[in-house]
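For reference, the structure is listed below as structure tokens.
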Amino acid sequence: MLFRWLVVLLFPMSLQAAPMETMAWHFAKMPELAAFYGNATSLPDPPAATTSPVSCFTGKDDKLKDLSEPFRKYFHLGPDSWLVWNESRKLLVGHAMPITLWQIEPESDFKGQPTQLATTITWYQGIEPGQPVPADAKPVHRMTLVSRSGQKATQLWGSSEPARLQSINLEVELVYGGNNYSDSSLDVDLRFTIDWSEASNGKTWKWNLTSSAVLESNPTRPLVLTQVVSPAGGSWTLTAETSILLFDGQPLANCRLKESNGKPVAATEYPKLIAPMQATRIPTSKGEVLFRVFPVSQLSKYLKANASGSKPGEEVDPFSASGVAPPSRSEQEAVITSIPEEFKPWFPQLLIDLKEPVKGFGINVPEGSLIGYDANSGWVFVAGLDATALEQLEILTLGCNLPAPAMIGILQALVTTQKSNQVDEAKAYLVGRNGQKFGLTCKVDANGSLIELEFEPTLGNTDQVVDLRLYSKRAAPFRECNTSISLPCGVSVMSHSDTAEDGKQVTESFQATIVRPPNEGKSTEAPNPSD
């Protein structure tokens, strides 16, 4: 989808004041918020909320510091709103309208805390290639490795007793991706090598899997990395998932909390305010007004530097590491002060006016419209643009939050047909990054490789065709193929076949599937060969 990266501020159909909410954010240390806004004073008793006498995030024995008054200097807090730091529980607790809580989070630098990544690899048996992992499947083995972004990490395991799974050597290198707007779906680029061995009938089968994948932290389900039929009988399925941890070990997904019925619940996404690909029209006395929110940063200076007549080579790239710094409250910007009264509960008190810079790009901005930039959060609020102007603005900000790189799953099938119409089939399913090599080998003791697979798929412009460069090799009977073929996604295509004098025919075919990270709502299951 062209604009699948957009997110939208959702409003209720009525513009009545939103109910108060209580939220808390866990910090490994006291946030910089107190130092920035002034000295915080100690609070002898927990503040009362409109929904309950005392919040579940505060207690009588907790050491509390009041941040409400210094915070009121810069943001709108109603008479019943408050913000405290719970030193005992390492929680920043706020009670206010949802839009105010939404403003507090980026200002507190909640997502700026040092983090690291935990990667979990799981082995299953008895699941055939091309079949999904059942929700109740019991793993044979599971290992978790914690590492910092951009650094390699290894973990070794060996069984002390004779077992089907004898040893594992895991090496991973994880790098944060480009989607930093949602801590529950942060893209993580995983590059890994996994060696494992299994014992059967006095022989040792050694596997080696090398690939790379894009994971989303805290997914709804793990990503299938590979599925193979073992020469020793049975099958193996390996899955991967990752989560973000603060440096004190707390999972980031559990560090944003909301009070519900007097109990804390994890809020991995900010509830009711942010949702993908939805536009909401709000009825007002002056007609309908369309609101949209873009996850962009450094937009104000970027638009001013590039609007109306900037010379080639002089453009400021707002998305590079060396780009301009985001605007702050102290800068002399044209600000919007005449926010309609009915929208004041939803908007920040200070919005940088982007109407003139946007006009410089030739976009029609009628009188009475609103294009405001909140420098604290990096969001743009839009009201009153027609469909054409809104689409032009979307294109202008395109690239601020790109989708995750595509992954491709390859299902290989080697079918042997005998005179008696008996059919034997061996399968393997591998997942890897678009345009990168990934492969799998299997050896028995010191006798050399039984299976070798290496793929380098490239996705076509239409997302419907994959150019596959492949190498496959199997022993007993010996088969080897090195070629390139085009695969329509979801269609099994033969790469080669041969027929012996005795009439036995061996055919090898491949099927490609686009694999999306689990949280995107797309299928990440292995493709069904019968489709």
Side-chain angles (χ1 to χ4, degrees), residues 115-147 149 153 155 157 165 168-177 179 182-196 207 209-229 234-245 251-254 266 268-269 403-411 427-434 438 440 513-528:
T115 56
Q116 48 199 356
L117 298 166
T119 305
T120 299
I121 308 294
T122 305
W123 281 255
Y124 296 95
Q125 281 189 310
I127 304 172
E128 294 295 317
Q131 299 301 315
V133 178
D136 58 351
K138 294 183 178 180
V140 174
H141 192 80
R142 175 176 288 141
M143 60 175 22
T144 299
L145 181 60
V146 177
S147 59
S149 174
Q155 184 176 359
W157 172 85
L165 188 62
I168 296 172
N169 180 2
L170 172 65
E171 179 179 294
V172 301
E173 182 178 5
L174 301 102
V175 179
Y176 286 112
N179 179 10
S182 170
D183 52 69
S184 68
S185 59
L186 179 70
D187 297 337
V188 176
D189 189 350
L190 170 66
R191 292 178 280 276
F192 62 89
T193 299
I194 304 175
D195 298 293
W196 78 96
W207 295 88
L209 172 64
T210 300
S211 186
S212 59
V214 179
L215 303 179
E216 288 197 88
S217 61
N218 314 304
T220 54
R221 58 186 182 281
L223 178 72
V224 174
L225 295 177
T226 188
Q227 295 177 303
V228 293
V229 174
S235 58
W236 290 107
T237 291
L238 275 67
T239 66
E241 54 189 319
T242 187
S243 60
I244 307 172
L245 308 177
L252 188 58
N254 298 328
T268 55
E269 292 286 355
M407 292 180 293
I408 300 174
I410 304 295
L411 178 66
K427 294 181 180 179
Y429 172 70
L430 280 74
V431 171
R433 282 280 298 271
N434 176 33
F438 52 94
L440 176 74
T513 301
I514 306 302
V515 181
R516 302 293 182 188
N519 280 347
E520 291 194 9
K522 306 286 184 178
S523 173
T524 59
E525 312 293 356
N528 190 334

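Positions are given from 1, in the same order as the sequence printed here.
Heavy-atom minimum distance, Leu245 versus Ala118: CD1-CB, 3.9 Å. Residue Ala153 comes nearest to Ser147 through the heavy atom pair CB-CB, 3.6 Å, listed as atom of the first residue, atom of the second, then distance. Shortest non-hydrogen contact noted between Met407 and Val214 is SD-N, 3.0 Å. Nearest heavy atoms, Val431 versus Val224: CG2-O, 3.2 Å. Of all the heavy atoms in Leu225 and Ala213, the pair that sits closest is CD2-CB, 4.4 Å. Residues Phe438 and Leu430 share a closest heavy-atom pair of CE1-CB, 3.7 Å.
Looking at residues two or more places apart in sequence or on another chain, you find a side-chain hydrogen bond (donor to acceptor under 3.5 Å, both in side chains) between Thr237 and Gln227. For Ser235, the side chain to side chain contact (heavy atoms under 4.5 Å, CB included) criterion is met by Glu128, not counting sequence neighbours.
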Inset, instruction - For Asn169 and Ile194, run side-chain contact (heavy atoms from CB on, under 4.5 Å): C-alpha distance rounded to whole Å, both residues' side-chain angles, the deciding distance at 0.1 Å, then the answer. - result: CA-CA 6 Å; Asn169 180 2; Ile194 304 175; over 6 Å; no
Inset, instruction - Apply side-chain contact (heavy atoms from CB on, under 4.5 Å) to Glu171 and Phe192, showing your working. - result: CA-CA 6 Å; Glu171 179 179 294; Phe192 62 89; over 6 Å; no
Inset, instruction - Verify side-chain contact (heavy atoms from CB on, under 4.5 Å) between Trp207 and Trp236, making sure each step is shown before the conclusion. - result: CA-CA 10 Å; Trp207 295 88; Trp236 290 107; 4.0 Å; yes
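Residue Thr193 holds its OG1 atom at 10.0 Å from CD of Glu173, rounded to the nearest 0.5 Å. How far CG of Leu190 is from CG of Leu223: 9.0 Å, rounded to the nearest 0.5 Å. Atom CD1 of Ile121 sits about 9.0 Å away from atom CD of Glu241, to the nearest 0.5 Å. For the atom pair OG1 of Thr226 and CG of Leu238, the computed distance is 7.0 Å after rounding to the nearest 0.5 Å. The structure places NZ of Lys427 at 7.0 Å from CD of Gln131, a figure rounded to the nearest 0.5 Å. Here Leu170 contributes atom CG and Thr119 contributes atom OG1; the two are 8.0 Å apart, rounded to the nearest 0.5 Å.
Contact of the Val188 side chain with the Val175 side chain is not registered, since no non-hydrogen atoms from C-beta on lie closer than 4.5 Å. In this structure, Trp123 and Arg142 have side chains that are not in contact, with every pair of non-hydrogen atoms separated by 4.5 Å or more. Side-chain contact between Tyr429 and Val228: absent, with no pair of heavy atoms (C-beta onward) separated by less than 4.5 Å. Proximity of Met143 to Thr120: side-chain heavy atoms (C-beta onward) are nowhere separated by under 4.5 Å. Counting heavy atoms from C-beta outward, Pro129 and Val229 have side chains that approach closer than 4.5 Å.
With hydrogens and angles disregarded, no donor-acceptor distance shorter than 3.5 Å links the side chain of Thr242 to the backbone of Leu117.
Checked against the 6.0 Å centroid criterion, the rings of Trp196 and His141 do not qualify as a close aromatic pair.
Arg433 and Ser212 share no donor-acceptor pair across their side chains, judged by distance under 3.5 Å alone.
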